[in-house]
Amino acid sequence: WLQTDYLVNVYYGTATNNWGSYATQGVYSFLARFPEMTVFDEWYNITLGENDRMTQHFVQEDGLAVELAQGYLNTIINSLEEPIRIQQYTGLEVPYSDLMYDTIYKLLECYVYCSGPGFRGTNIGDSNDYTATAHARLIYWYNNIFRDNKMFEYVATNGVSGKMPDNATTNYP
């Protein structure tokens, strides 16, 4: 409770990257397990607002994610995925607006567009990108959230079905 209280009342409003998404993931994780708390509604609504605040910083105007290295981009995407997994077990609605789902879509799209050959990482910065694949990242999102996206289907199925990205490598200004 003390850690969650700190995140909601002190830390929220300070981060615009994976640190912030881990904070909201942690608060949601706590709330999903203890919905009987008297501060539940307040903290849930603040978390919904914090997600909307942060999401405005996750993707730049040209579509490039705030985290350039795919390892860090993977971290943001994973921390946004975990609440959806928790929701599947607890039933508590994830504190994501349509804006957040649109941003997640853009993060995944950037992940694909910044991949190297075979939709693998390109090892930018201090990340282990060469061990990551867009395929591994897209499987969950395609199967559970973005079923209608043919490009995500192509990457998630390793090209078995779907449509290859029109421009698999994108240069961002």
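In what follows, every heavy atom counts, from backbone to side chain, and hydrogens, waters and symmetry copies are set aside.
The minimum heavy-atom distance between Tyr154 and Lys163, with the atom names listed, is CB-O, 3.2 Å. Nearest heavy atoms, Ser97 versus Leu48: N-CD1, 4.0 Å. Between Ala156 and Ile139 the shortest heavy-atom distance is O-CG1, 3.6 Å. Taking both residues in full, the closest heavy atoms of Tyr96 and Ile104 are given as CE1-CD1, 4.0 Å, listed atom of the first, atom of the second, then distance. Taking all atoms of both residues into account, the shortest heavy-atom contact from Glu50 to Thr24 is CG-CG2, 3.6 Å. Contact between Pro83 and Leu80 at its shortest, heavy atoms only, is CD-O, 3.5 Å.
For Gln88, the CD atom counts as densely surrounded, since its 6.0 Å shell holds more than 12 non-hydrogen atoms of other residues, nucleotides or ligands. Atom CG of Asp148 sits in a sparse spot, with 12 or fewer heavy atoms from other residues, nucleotides or ligands closer than 6.0 Å. Around atom CD of Gln60, more than 12 heavy atoms belonging to other residues, nucleotides or ligands sit under 6.0 Å away.
In this structure, the side chains of Leu31 and Met37 come closer than 4.5 Å at one or more pairs of heavy atoms. You'll find the side chain of Ile76 reaches within 4.5 Å of the side chain of Leu107, heavy atoms only. Between Arg85 and Tyr140 the shortest side-chain heavy-atom distance falls below 4.5 Å. Residues Leu64 and Cys114 have side chains in contact (heavy-atom distance under 4.5 Å, counting atoms from C-beta outward). At a threshold of 4.5 Å between non-hydrogen side-chain atoms, the residues Phe34 and Trp1 do not count as touching. Using a 4.5 Å heavy-atom threshold, the side chains of Trp43 and Asn9 count as touching. Taking 4.5 Å as the limit, some side-chain heavy atom of Tyr22 sits within range of a side-chain heavy atom of Thr75.
Taking CG from Asp102 and OG1 from Thr55, the interatomic distance works out to 8.0 Å, rounded to the nearest 0.5 Å. Atom CG of residue Leu7 and atom CZ of residue Phe30 lie 10.5 Å apart, to the nearest 0.5 angstrom. Taken from CD1 in Ile86 to OG in Ser29, the straight-line distance is 4.0 Å, to the nearest 0.5 Å. For the atom pair CD of Gln56 and CE of Met100, the computed distance is 10.0 Å after rounding to the nearest 0.5 Å. Distance check, rounded to the nearest 0.5 Å: CD of Glu82 to CD of Gln87 gives 12.0 Å. Expressed to the nearest 0.5 Å, how far CD of Glu109 lies from CE of Met151 amounts to 5.0 Å.
Between the Tyr11 side chain and the Thr4 main chain, no donor and acceptor come within less than 3.5 Å of each other. Although no hydrogens or angles enter the test, the distance criterion places no donor-acceptor pair under 3.5 Å between the side chain of Asn17 and the main chain of Val66.
Tracing side-chain contacts under 4.5 Å through hydrophobic residues (I, L, V, M, F, W, Y), one never reaches Leu99 starting from Ile84; they form parts of separate clusters. Note on Tyr89: it does not cluster hydrophobically with Val94, by side-chain heavy-atom contacts below 4.5 Å among ILVMFWY residues. Following chains of ILVMFWY side-chain contacts shorter than 4.5 Å, one cannot reach Val160 starting from Tyr142, and the two form parts of different hydrophobic clusters.
The side-chain contact (heavy atoms from CB on, under 4.5 Å) test with Leu138 is passed by exactly one of Asn143, Ile77, Val112, Asn149: Val112.
Under the 6.0 Å distance and 45° angle rule, Arg137 does not count as a cation-pi partner of Phe152.
Side chains of Tyr12 and Thr47: a donor-acceptor N/O pair is present below 3.5 angstrom, by distance only.
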Assess the residue pair Ser79 and Gln25 against the criterion (side-chain hydrogen bond (donor to acceptor under 3.5 Å, both in side chains)); give the C-alpha distance rounded to whole Å, side-chain angles, the decisive distance to 0.1 Å, and a yes or no. CA-CA 6 Å; Ser79 66; Gln25 173 193 332; 4.5 Å; no
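Under the 30°/60° scheme for interplanar angles, the aromatic rings of Phe40 and Tyr44 are found to lie parallel.
Ring centroids of Tyr101 and Tyr105 are separated by 6.0 Å or more, keeping the two rings apart.
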